[in-house]
Protein chains: 2
Amino acid sequence: MVEPDTMSHIKLVLQYDGTNYAGWQIQANAATIQGHLEEVILKITGERSRVTGAGRTDAGVHALEQVAAFRTNSNLSPDIFMRALNANLPPDIRVMNAVECPEGFHPRYDAKSKTYSYLISGMGAYSVFMQRYSWNMRCQLDRDAMKEAAHYLIGRHDFSSFRASGCSSTHPVREISGIEISEMNTIGFMGFSLDVPLIKISITATAFLRHMVRNIAGTLVDAGREKCPPSRIKEILEARDRRLAGKTAPSGGLFMEKIVY
Amino acid sequence: MVEPDTMSHIKLVLQYDGTNYAGWQIQANAATIQGHLEEVILKITGERSRVTGAGRTDAGVHALEQVAAFRTNSNLSPDIFMRALNANLPPDIRVMNAVECPEGFHPRYDAKSKTYSYLISGMGAYSVFMQRYSWNMRCQLDRDAMKEAAHYLIGRHDFSSFRASGCSSTHPVREISGIEISEMNTIGFMGFSLDVPLIKISITATAFLRHMVRNIAGTLVDAGREKCPPSRIKEILEARDRRLAGKTAPSGGLFMEKIVY
């Protein structure tokens, strides 16, 4: 290890299909995004570098845009790093951009906002091309009830009722600046049009608790299925009790979509 | 086995993601679409049935719409068959529709036309979400040259130059009624927009030779890369020599898209 002031600090914008990974965070005996990145950086530079991500996505969760950073003594340019990383990473993990960033930059703490989107497909219809990337629903969902329920979650709240038991955050208060629920009747897929409806729940906040988006998605689906009246969301929030909210929605429907600094 | 005239004949419309399969045709020790269907029908009815498909897609090739048919002594309705099949098939193979069909119906011989689409993505850009479903191209392609080259293939020709060596067809003459080459600058993907260009080559014919679409796609890419002048396509056709055409494009970019009866 060399002193930080002689090292360069590189910011990466990443995209990945999370289906085949045990999530972002490095683990023994499991393929992870962070693990692959650190292994490839070691191969390129001969040094061990810690790669820090803007969010620790769970197993199966995808990223349209994840931001990460690492320090290195190598004097390879960011552009050369990007090419060398992409030449060595599996095809479902990709560096989309690489730039030098200030020494003090932190992908997680410096984010002004992050947007995650959760996809629900089907409502009675099905396409094989959506099963990796959405929660397939057999029944209809009342979109108005979902929108009304979502409304109660906007703002600064104690989200203990939507927090996974293993969450390592020091406090459970988070601020959701917006929840957008949009609908499509057909889905664009690789230039084809699939005759399957889609509901996209996009949630923007400065930071999230563990499983927060998936627990909100599961609860909004309960509202959409009329298992939970929208106004009950207020009580669920106030109770600060994970048992009262809906189940954790499956990981494949979740995309880390955008990070603003 | 019971006499055909006491059996019902069921037509299935299927969709599948071919990535994890060794193709349509049943094989020992390999997961295939036909193999899965026959196994599940045996499980449901207790009878061995032969499932005939409209096209024998290769390993890795996808189907937005494949048509298949089988005979059975079971008096389950087509709708119940569809539900029982879907409850037992893996999530990347799906029966989209099931109906009774006339005794003489043949999914392959009765097709008036079949359309296959081949997808080429990137041209310098890349998305992890396209790698299963398209041929990623690092370089630019001259679309006008590709369209000009395609023009020579339309009509009734001896397609020996575009036929795989293992092709079992009795003769190499096929009639292509249309080749459409369309372009997109961004790709719709599950309600997101990926900033990656796409070229879609759609070929319609009554029937195809083995690897014909992928060999045509490989040759059109050669024209697009200026490795082969468009007018050479005419010579390649006339030479009836597989060595003169381009390489077989990768299977993941190919979709069986539509079958008309």
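Just the heavy atoms: all of them, side chains too, but no hydrogens, waters or symmetry mates, feed the values below. What you see is a predicted model; the values in this text were computed from it and never measured. Letters A, B, ... mirror the listed sequences (proteins, then strands); counts begin at 1.
Remark: the backbone N or O of Asn136(B) is not paired with any side-chain donor or acceptor of Arg138(B) at under 3.5 angstrom. A distance-only check finds no donor-acceptor pair linking the side chain of Tyr126(B) to the backbone of Val95(A) [under 3.5 Å].
Only the side chain of Met184(A) comes within less than 4.5 Å of a heavy atom in chain B; its backbone stays farther off. For chain B, the nearby parts of Phe129(A) are the backbone and the side chain; heavy atoms of each come within less than 4.5 Å. Contacts of Ile93(A) with chain B are made by backbone atoms alone, with heavy-atom separations under 4.5 Å and no side-chain atom involved. Gln131(A) touches chain B through its side chain: at least one heavy atom from C-beta onward sits under 4.5 Å away, while N, CA, C and O do not. Contact annotation for Ser121(A): neither backbone nor side-chain heavy atoms come within less than 4.5 Å of a heavy atom of chain B.
Using a 4.5 Å cut-off on side-chain heavy atoms (C-beta onward), Ile216(B) and Ile176(B) make contact. Between Lys227(A) and Val221(A) there is no side-chain heavy-atom pair separated by less than 4.5 Å. Put simply, the side chain of Leu14(A) reaches to within 4.5 Å of the side chain of Leu37(A), judged on heavy atoms.
Crowding of Lys258(A) atom NZ: a count of heavy atoms from other residues, nucleotides or ligands under 6.0 Å not exceeding 12.
Residues Phe192(A) and Tyr133(B) place their aromatic rings such that the two centres sit no closer than 6.0 Å.
Contact count versus chain B (heavy atoms, under 4.5 Å) is highest, among His62(A), Met96(A), Arg132(A), for Arg132(A). For the set Met130(B), Glu257(B), Met190(B), the count of heavy-atom pairs under 4.5 angstrom toward chain A peaks at Met190(B). Your options are Ile187(A), Leu119(A), Val196(A), and the one with the most heavy-atom pairs under 4.5 Å with chain B is Leu119(A).
Using a cut-off of 4.0 Å between Lys/Arg side-chain N and Asp/Glu carboxylate O, Asp222(B) and Lys247(B) are scored as not salt-bridged.
Along residues 84-91 of chain A, the residues that come nearer than 4.5 angstrom to chain B, judged on non-hydrogen atoms, are Pro91(A) in order of number.
Counted by atom type alone, Asp17(B) and Thr19(B) present one or more donor-acceptor pairs between their side chains at under 3.5 Å.
Expressed to the nearest 0.5 Å, how far CD of Gln15(A) lies from CG of Asp92(A) amounts to 11.0 Å.
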